[in-house]
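Notes follow the structure.
Please read all numbers here as calculations on a predicted model, not as lab measurements. Atoms considered below: every heavy atom in the structure, side chains included; atoms not considered: hydrogens, waters and symmetry mates.
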Amino acid sequence: MASKPLVSIIMGSANDWEIMQQAARQLQDFGVAFDARVISAHRSPDLLFDYIKEVTAQGVQCFIAGAGGAAHLAGVIAGKTTLPVLGVPIPSKYLKGMDSLLSIVQMPKGIPVATFAIGEAGAANAALCAISMLALHDDGLAKRLTAYRQQQADAIKATTLPAL
């Protein structure tokens, strides 16, 4: 996006993009500038720490972190910043993301990570949560979020079931 990113999307592997692009799409649909990167908490911790420092200085307001398996990425980010960290568990090969969910949600007291659903819904909702936080200080964004929510409600009202 052209303007300075307000949200950083970080994933542990390029394979995670299939899920994390749902967060990127939500942010893009609302006109929220973001930066998306692959940075592994385990394979490139120094790069991760440097990146957190860099984007924080540039004005990023929160992080959305997606990881699978051991899924330490969100927790490591939360340990290096006081900005909000939104964790997205990525489905894993053997445990379908339950391992990722438990790794992200089970943070020690004092290092919070807001944890979302496993997979695409979690990525989209993490972005919507970031949008909600940003909308606290952006009236235009707040109006777009309210309109989005109203569209969801209107779609439910308009739903009819097929005849038997």
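- Considering all non-hydrogen atoms of both residues, Gln22 and Ala123 come closest at CB-CB, 4.0 Å.
- Between Lys157 atom NZ and Gln152 atom CD the span is 13.0 Å, to the nearest 0.5 Å.
- Using modelled atom types, one side-chain atom of Asp16 and one backbone atom of Ser13 make a donor-acceptor pair closer than 3.5 Å.
- Taking the side chain as every heavy atom from C-beta outward, Gln26 and Tyr148 approach each other to under 4.5 Å.
- Ser92 meets the side-chain hydrogen bond (donor to acceptor under 3.5 Å, both in side chains) test with Asp99; sequence neighbours excluded.
- Distance alone, capped at 3.5 Å, is enough to place a donor-acceptor pair between the Ser103 side chain and the Ala70 backbone.
- Under the 4.5 Å side-chain heavy-atom criterion for grouping Ile, Leu, Val, Met, Phe, Trp and Tyr, Leu47 is connected to Ile52 within one hydrophobic cluster.
- Contact between Tyr51 and Ser8 at its shortest, heavy atoms only, is OH-OG, 2.8 Å.
- Connection of Val38 to Ile19 is established within a shared hydrophobic cluster, with ILVMFWY side chains joined at heavy-atom distances below 4.5 Å, either directly or through further cluster members.
- Applying the salt bridge (charged side-chain N to carboxylate O under 4.0 Å, His left out) rule to pairs touching residues 36-50 yields Asp35-Arg37, sequence neighbours excluded.
- Taken to the nearest 0.5 Å, the CZ atom of Phe63 stands 6.5 Å off from the CD1 atom of Ile77.
- Within the 4.5 Å cutoff, the side chain of Val76 has no heavy atoms near those of the Pro45 side chain.
- Phe49 contributes atom CZ, which lies 15.0 Å from atom CD of Glu54 (distance to the nearest 0.5 angstrom).
- Between the side chain of Ser100 and the backbone N or O of Gly69 there is at least one donor-acceptor pair closer than 3.5 Å.
- In this structure, the side chains of Leu86 and Met133 come closer than 4.5 Å at one or more pairs of heavy atoms.
- Partners of Gln150 under the side-chain hydrogen bond (donor to acceptor under 3.5 Å, both in side chains) rule, at least two apart in sequence or in another chain, are Asp154.
- Formation of a donor-acceptor pair under 3.5 Å by the Gln61 side chain with backbone atoms of Gly59 is found in this model.
- When all heavy atoms are compared, the tightest approach of Gly87 to Pro89 is O-CD, 3.7 Å.
- Annotation for Leu141 and Phe30: closest pair CD1-O, 3.8 Å, computed over non-hydrogen atoms.
- Taking the side chain as every heavy atom from C-beta outward, Val85 and Ile64 never approach each other to under 4.5 Å.
- When side chains are defined from C-beta on, Phe34 does not count as touching Val60, because their heavy atoms never get closer than 4.5 Å.
- Put simply, CG on Leu6 and CG on Leu134 are 5.5 Å apart, with the number rounded to the nearest 0.5 Å.
- With hydrophobic clusters built from ILVMFWY side chains whose heavy atoms lie under 4.5 angstrom apart, Val32 shares a cluster with Ile9.
- Under a hydrophobic-cluster definition in which Ile, Leu, Val, Met, Phe, Trp and Tyr are linked whenever side-chain heavy atoms come within less than 4.5 Å, directly or via other members, Val55 and Val113 are assigned to the same cluster.
- Hydrophobic cluster membership is shared by Phe116 and Trp17, with clusters built from Ile, Leu, Val, Met, Phe, Trp and Tyr side chains linked at under 4.5 angstrom.
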Walk me through it: do Leu73 and Ile104 pass the test side chain to side chain contact (heavy atoms under 4.5 Å, CB included)?
-> CA-CA 8 Å; Leu73 182 61; Ile104 295 171; over 6 Å; no
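- Summarising the geometry, atom CD1 belonging to Ile39 is positioned 9.5 Å from atom CE belonging to Met11; distances are rounded to the nearest 0.5 Å.
- Here Ser132 contributes atom OG and Leu145 contributes atom CG; the two are 4.5 Å apart, rounded to the nearest 0.5 Å.
- The two residues Ile90 and Ile118 come nearest to each other via the heavy atoms C-CG2, 4.5 Å.
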